[in-house]
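Everything on this sheet refers to the single structure shown next.
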Amino acid sequence: MLHCLNSNASGSEMTVLERQRATIKWQHNNNHHQGYSSSSSPSPSSSSSISLVQVQSSSPACLAAGAWPKLDNNFLMGFTSSPSSGFPLPPPPPPTTSAASFDLNSAISRTSSCPLPSLAEGKETTTPNNKRKTDKFHNTKVVASDNDNKDKRVKVAAPNDSATVGKKGTQDCGDNSNKDNSKVSEVQNQKPDYIHVRARRGQATDSHSLAERVRREKISERMKFLQDLVPGCNKITGKAGMLDEIINYVQSLQRQVEFLSMKLAAVNPRLDFNMDDLFTREVFPACAASFPAIEMSPNMANPASYLHFNSSQQIDAGINPQDISLRRTISAPVSAPETFLDSSCFTQTLPSSTWEGDFQNLYSVAFDQARAASFPSQLFTGS
Amino acid sequence: MRNQRSVKQEFLRKWITGLRRYSCDEKKNMSFLERKKAIKLSADIAMASTRDKTTRWSQALIANASSSGDTLTGSSKNNSSRSRKKMLMMRRRRPKVKSAKKEMSASCIAKRLAEKRTRKLKNLLPGGESIDEGCLVEETLDYIESLRAQIEVMRYLVTASQLIINPYP
């Protein structure tokens with residue numbers, strides 16, 4: 001375990017990977033040795049503490065930095081006492097350090113914001129928790145320090161190295177690319193540890209989870225748009241409820257279309273829609289006025305009156321269309337020239353030639369109709 | 001988002017053109033239901049063509065219409081078959097992952113509810129069975145907007161036609 005420290009390492013230039021392997025092994029051994037009446041050797045197992053300290057110093061951004069205060073003094077002293085090059089092989093670690101290790105573990109667990117089961121319980125039960133906590137802790141530190149491929153290797157390597165005690169949760173998140181499994185393991189992880197935080201630490205470095213999270217955020221963004229569009233969705237939070245509302249809305253819209261088409265079929269005995277008549281009735285407030293807006297601006301006879309006409313229509317658009325038509329008759333003098341212009345423009349833009357023959361007749365008919373509708377004759381002289 | 005007025009104009013124009021073509025072809029008097037079907041169909045197609053094949057639902061709508069033997073959409077048959085094939089391919093590429101365990105936690109229940117509803121929404125949307133969730137929401141947005149525009153224009157047409165018959169009640 002710590003032999004490898006000596007063999008591989010060149011002094012303090014251990015890689016993060018090796019350091020963490022060492023710490024895990026140390027922890028493991030530490031926990032195992034609890035059962036034995038370990039001789040209290042005064043050597044403060046500085047090597048193990050050194051490895052811990054090195055881990056600490058290597059990652060300045062480590063989250064648990066604040067939780068190490070009571071350990072710092074002992075460890076640092078141990079560090080300074082022994083030379084950095086050689087690591088003396090540790091005897092079975094003394095109970096003092098074991099107690100410190102428990103504190104360490106609890107500190108770690110505190111920082112990772114999950115309450116541990118009481119340490120007074122059997123050591124075996126605490127071992128998996130500790131293991132998981134420390135691994136998670138290592139994961140967090142790794143994530144905090146550097147986000148490159150090393151992280152993945154460390155995460156995968158750590159469980160392989162350590163003993164096979166109740167491995168679940170975050171390590172599986174790293175290994176599995178299957179979304180379902182990661183979610184299941186998340187749930188498992190949450191149950192015994194009372195964590196309500198989604199194990200983002202385990203997920204953050206996984207490319208699949210990252211992509212999934214991005215996708216989820218995209219979806220939620222679009223759902224917000226839908227919330228604005230669908231009336232009555234503002235109060236509802238939650239995907240299922242909103243989806244329900246959206247489904248109802250789409251269904252109602254589709255039913256409206258059906259109903260309106262039925263109504264149109266009933267109103268027209270034949271499928272002939274005389275656009276000219278429709279325009280002269282002036283029931284297309286926004287549509288009719290908007291046709292010239294885009295297509296016939298050069299042909300505008302009197303733009304000022306048109307603008308006035310347009311604005312008045314838009315205000316009225318929300319009201320009962322029958323009222324609109326009544327109001328039209330009052331403002332008819334202004335609008336009569338426009339409608340003619342509208343219809344002429346409409347036919348000009350249409351490519352189909354079948355219109356024009358009919359149109360000429362309709363034009364004259366509409367003209368007569370307009371005349372018959374008691375418009376003052378001055379208008380036509382004016383236009 | 002889009003210019004609603006121009007969309008409505010375009011829709012109206014295309015719709016009337018389509019209806020005219022329809023009425024010119026069929027010289028005999030059509031029954032009420034036939035007329036209603038013709039109106040609705042031409043309205044749907046006009047609405048779909050305003051999107052100009054940028055959205056999947058519009059493509060699917062046109063494809064379905066052309067497959068039902070409608071004469072209005074002669075040219076889009078090739079596109080419809082291609083899009084159909086694409087849809088089938090997509091469906092095959094996405095097998096549903098069945099989780100072996102049955103977990104009754106709240107999150108799983110919620111997830112299942114949401115899945116049921118997404119499936120329902122997919123069935124509502126034309127051509128929506130083989131869309132993934134990310135695009136589903138976009139398509140729904142687009143579809144709702146177009147439906148709204150369509151309904152407004154149709155409503156105006158209805159009132160206009162009604163007023164022609166009995167001008168000032």
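Quantities reported herein were computed from a predicted structural model and do not represent experimental measurements. Just so we're on the same page: letters track the sequence lines, and every chain starts at 1. Values reported hereafter were calculated over all heavy atoms of this structure, with side chains retained and with hydrogens, waters and symmetry mates removed.
- Partners of Glu152(B) under the salt bridge (Lys or Arg N to Asp or Glu O under 4.0 Å) rule, at least two apart in sequence or in another chain, are Lys8(B).
- Between chain B and the options Gln251(A), Met223(A), Lys218(A), Glu258(A), heavy-atom pairs under 4.5 Å are most frequent for Glu258(A).
- The shortest heavy-atom contact between Glu145(B) and Leu229(A) is CG-CD2, 4.3 Å.
- Contact between Ala114(B) and Leu243(A) at its shortest, heavy atoms only, is O-CD1, 3.7 Å.
- Here the side chain of Arg117(B) pairs a donor or acceptor atom with the backbone of Ala240(A) at under 3.5 angstrom.
- If you take OG on Ser261(A) and CG on Leu157(B), they are separated by 11.5 Å, rounding to the nearest 0.5 Å.
- Interface remark: Phe259(A) contributes no atoms to any contact with chain B (heavy atom separation under 4.5 Å).
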Test side chain to side chain contact (heavy atoms under 4.5 Å, CB included) applied to Met154(B) and Lys263(A), step by step: CA-CA 10 Å; Met154(B) 286 176 89; Lys263(A) 215 170 169 188; over 6 Å; no
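- Under the salt bridge (Lys or Arg N to Asp or Glu O under 4.0 Å) criterion, Arg148(B) pairs with no residue at all, not counting sequence neighbours.
- Your options are Ile219(A), Val250(A), Val267(A), Ile247(A), and the one with the most heavy-atom pairs under 4.5 Å with chain B is Ile247(A).
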Intermediate values then yes/no, side chain to side chain contact (heavy atoms under 4.5 Å, CB included), Ile144(B) and Leu226(A): CA-CA 9 Å; Ile144(B) 287 178; Leu226(A) 271 178; 4.0 Å; yes
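- Atom-to-atom distance recorded for Ile246(A):CD1 and Leu141(B):CG is 8.0 Å, nearest 0.5 angstrom.
- Counting heavy-atom pairs under 4.5 Å between each of Leu125(B), Leu121(B), Thr140(B) and chain A puts Leu121(B) at the top.
- The CG atom of Leu253(A) sits 10.5 Å away from atom CG of Leu124(B), with the distance rounded to the nearest 0.5 Å.
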